[in-house]
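Below is one structure, written out as structure tokens; comments come after it.
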Amino acid sequence: LRRWGDDVRRVSDIEEILADPAVEAVIVAGYASVRPAQLRRALQSERHVLCVHPPDQTPDLAYEAAMIRTDTGCVLMPLLPEATHPAFGRLAEFVRHKDASGSPIGNLRLLELERGVSDEVLEGVWIAGQKPSFPGWDILRRIGGEIQEVASFAEQEELREGEPVLVVGRFEQGGLFQMTLLPRQTQLSWRLTLVGSVG
């Protein structure tokens, strides 16, 4: 926004943001561990809210948010994850085509996903009582279906800050995947390659 000449003020305290009368809408996009509390507080402040979907791993918060939204009369809209993009849906149709000879890719052989992000790749994914998840995990499952096996590799025995992560595995219906996660990149990158028996 600064690059475009817009006046931007950075504030780290959520209460200061919600107390500002100039703020009409709030985007809740925190890590999954803090998103429920952020959503609840943003709705209670009587602001319009856009929230990354899903807001929580259980449906309880969604019911509570709907009740708060009804009481305040504010708008609550989901920000859908990347996996809902129609392009990924189309690729999934190719992969799950009943007759592999009729699919433009044939049988799935390999799905490669490379992502370069500005922060740490696994920050906020280890939540007590829940399965860990990787950025792009939902895309892998959307395209290739259920994952049968998974393994991850890092430079050292334990992952350190700033190190890349390689995740490999195979899908239940056949085909392998490889995901490379690159942290602290100056330019964000996103590359997806799908290799089938046809090409």
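Count residues from 1 along the sequence. Since the structure is predicted, the reported quantities are computational estimates derived from the model, not experimental observations.
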Is there a side-chain contact between [X] and [Y] in this structure, where contact means two heavy atoms from C-beta onward sitting under 4.5 Å apart?
X    : Y    : result
F94  : V198 : no
I17  : E15  : no
V49  : L39  : yes
I27  : L50  : yes
I147 : R141 : yes
V26  : L18  : yes
V95  : L194 : yes

For the atom pair [atom1] ([X]) and [atom2] ([Y]), what is the distance rounded to the nearest 0.5 Å?
X    : Y    : atom1 : atom2 : value
L91  : L111 : CG    : CG    : 8.5 Å
L76  : H48  : CG    : NE2   : 11.5 Å
L192 : M179 : CG    : CE    : 11.5 Å
L140 : Q178 : CG    : CD    : 11.0 Å
L113 : L181 : CG    : CG    : 7.5 Å
I14  : Q38  : CD1   : CD    : 5.0 Å

Kindly write out the residues that satisfy side chain to side chain donor-acceptor pair (under 3.5 Å) with R142, not counting sequence neighbours, or none if the list is empty.
none
Applying side chain to side chain donor-acceptor pair (under 3.5 Å) to R47 and not counting sequence neighbours gives none
Is E158 atom CD crowded by more than 12 heavy atoms from other residues, nucleotides or ligands, each under 6.0 Å away?
no
Evaluate whether atom CD of Q156 has more than 12 neighbouring non-hydrogen atoms of other residues, nucleotides or ligands under 6.0 angstrom away.
yes
Specify the closest pair of heavy atoms between [X] and [Y], including all atoms of both residues, with the distance to one decimal.
X    : Y    : result
A42  : V28  : CB-CG2, 4.1 Å
S118 : L188 : N-CD2, 3.4 Å
T72  : E46  : CG2-CG, 3.7 Å

Give the table of side-chain donor-acceptor pairs shorter than 3.5 Å for residues 163-177, with sequence neighbours excluded, one pair per line with atom names and distance.
residue, atom, partner, partner atom, Å
E163, OE1, R160, N, 3.4
R170, NE, E149, OE2, 3.0
R170, NH2, E149, OE2, 3.0

Please check: side-chain N/O of H53 versus main-chain N/O of L79, any donor-acceptor pairing under 3.5 Å?
no
Do V195 and I139 belong together in a cluster built from hydrophobic side chains that touch within less than 4.5 Å?
no
Quick check on the hydrophobic clustering: are V23 and M77 connected, directly or via other members, by side-chain heavy-atom contacts under 4.5 Å?
no
Using side-chain contact (heavy atoms from CB on, under 4.5 Å), reason through R35 and V52 one step at a time and then give a plain yes or no.
CA-CA 8 Å; R35 199 178 306 149; V52 170; 4.0 Å; yes
Can you list every pair that meets side-chain hydrogen bond (donor to acceptor under 3.5 Å, both in side chains) and has a residue in residues 179-191, with sequence neighbours left out?
E82-W190, E114-R191, E120-R184, E161-R184, R191-T193
So, using side chain to side chain contact (heavy atoms under 4.5 Å, CB included) as the criterion, who are the partners of R40 when residues are at least two apart?
Q44, L61, E64, I68
Hydrophobic clusters join Ile, Leu, Val, Met, Phe, Trp and Tyr when side-chain heavy atoms are under 4.5 Å apart, directly or via other members; which others share one with M67?
none
